[in-house]
Number of protein chains: 2
Amino acid sequence: MPDQPLRLTRQRQAVADALATIDDFRSAQEIHAVLASQGHGVGLATVYRTLQLLAEHDQVDVLRTDDGEASYRRCSGTHHHHLVCRSCGATVEIEGPAVEQWAQAVAEEHGYADVSHTLEIFGDCPRCR
Amino acid sequence: MPDQPLRLTRQRQAVADALATIDDFRSAQEIHAVLASQGHGVGLATVYRTLQLLAEHDQVDVLRTDDGEASYRRCSGTHHHHLVCRSCGATVEIEGPAVEQWAQAVAEEHGYADVSHTLEIFGDCPRCR
DNA sequence: CTTTGTGCAAAGCCTTTGCAATTTT
DNA sequence: AAAATTGCAAAGGCTTTGCACAAAG
């Protein structure tokens, strides 16, 4: 059974464009807010539906945050992690090649394939102390 | 600030006992149902509160399912990470002393104090391929 | 013109919270 | 008796859904 045709709409384009300019995980609501602030009015429900669609077509990665929110990120963006301040939210982008390799190795050791991972570091930043 | 004393109540005992007999991740609602079916009446809110408490004390592992539910499982009580199968959810506990130290170092380098972190590795496990 | 997509508001779910009553210590 | 804990129901927050209208092909 072939896929039903997907129509290219202004809204879907807008969501795709927004994702293209971000290489981070963002919640549906954040993406909705970004679109709104850019003057492109896209309904929240449509954002959810579009992201779901993109996920089914492997155009975006989805993961769940610790508090149950879904986060989306376009595939193939550069990979990095975050150092986040607990109180003010200030974020520093971190790279850790060693960790990447370690994660890959550990996963393969256990027979897991197509490995990916998430990593975030939290702390109290200089300005908040 | 010392921990406040934790009281041992029938309800907490019941939740702990239930977890002891289960070797899998279960949602709070499932655990609540198990207790109910055993005649131990424990309020749903109490189950949630108890699981949260156990999680804070590293007595249970918490993870989010793809549909946003929290799942709990008793664990070894030491700090560790998870290697999770994308399709069946099979989980392996992972330790990575090197990563812990690296995270700590990176954070301090940026002036962040009281460091903690989260790390999860995802892949397709042997049985799902 | 037919079919698919959008918006809005309502409904669903899981989880958290307020508060009075209850249980532990 | 004092302090922590429970239960219930209400409130929250994220996500999905029903349905009439708009847009795409």
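These numbers come from a predicted model, not from an experiment. So you know, we letter chains A, B, ... as the sequences are listed, proteins then strands, and number each from 1.
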Side chain to side chain donor-acceptor pair (under 3.5 Å) with A/His81: which residues, sequence neighbours excluded? A/His79, A/Glu100, A/His117
Checking A/Arg10 now: which residues fulfil salt bridge (Lys or Arg N to Asp or Glu O under 4.0 Å) with it, not counting sequence neighbours? none
Under the side-chain contact (heavy atoms from CB on, under 4.5 Å) test, residues paired with B/Tyr48 that sit two or more places apart: B/Ala28, B/Gln29, B/Leu44
Taken to the nearest whole Å, CG/B/Asp66 to P/D/dC14 is 19 Å
Please list every donor-acceptor pair under 3.5 Å in which a side-chain atom of residues 107-116 of chain B meets a protein atom from a residue at least two apart or in another chain.
| unit_1 | atom_1 | unit_2 | atom_2 | d |
| --- | --- | --- | --- | --- |
| B/Glu108 | OE2 | B/Gln104 | NE2 | 2.7 |
| B/Tyr112 | OH | A/Ala90 | O | 3.2 |
| B/Ser116 | OG | A/Arg86 | NH2 | 3.0 |

Let me test you: for the helix from C/dC1-D/dG25 to C/dT25-D/dA1, what is the angle between the axes at its two ends (five pairs each), rounded to 10 degrees? 30°
Report the distance from atom CG of A/Asp67 to atom C1' of C/dC14, rounded to the nearest whole Å. 12 Å
B/S/- contact track for nucleotides 19-25 of chain C, protein heavy atom under 4.0 Å: -----BS
Those residues that, when tested against B/Glu56, pass side chain to side chain donor-acceptor pair (under 3.5 Å) (two or more places apart): none
Grab the CZ-P distance between A/Arg12 and C/dG7 for me, whole Å please. 11 Å
My understanding is that only residues two or more places apart in sequence, or in another chain, count here; which of them pass side chain to side chain donor-acceptor pair (under 3.5 Å) with A/Asp67? A/Thr65
Taken to the nearest whole Å, CZ/B/Arg64 to P/D/dT15 is 11 Å
Taken in chain and number order and not counting sequence neighbours, the residues that satisfy side chain to side chain donor-acceptor pair (under 3.5 Å) with B/Arg49 are none
Would you jot down, in residue-number order, the residues of residues 26-48 of chain A having a non-hydrogen atom under 4.0 Å from DNA chain D? A/Gln29, A/Ala45, A/Tyr48
Taking side-chain contact (heavy atoms from CB on, under 4.5 Å) as the definition, give me every residue that meets it alongside A/Gln52, ordered by chain and number, with sequence neighbours left out. none
Mind checking who shares a hydrophobic cluster with A/Leu51, ILVMFWY linked at side-chain heavy-atom distances under 4.5 Å? A/Val15, A/Leu19, A/Ile31, A/Leu35, A/Val42, A/Val47, A/Leu54, A/Val60, A/Val62, A/Tyr72
State whether A/Arg64 and B/Glu120 are salt-bridged, where the test is any N-O pair (Lys NZ or Arg NE/NH1/NH2 against Asp/Glu carboxylate O) under 4.0 Å. no
Rounded to whole angstrom units, what separation is found between the CD atom of B/Glu56 and the P atom of C/dT16? 11 Å
Round to a whole Å and report the spacing from CD of A/Gln13 to P of D/dA24. 12 Å
Separation of A/Leu51 atom CG from C/dG5 atom C1', in whole Å? 15 Å
Could you state the CD-C1' distance from B/Gln52 to D/dT6, rounded to the nearest angstrom? 15 Å
Has A/Arg12 got a side-chain atom pairing as donor or acceptor with A/Arg7's backbone, closer than 3.5 angstrom? yes
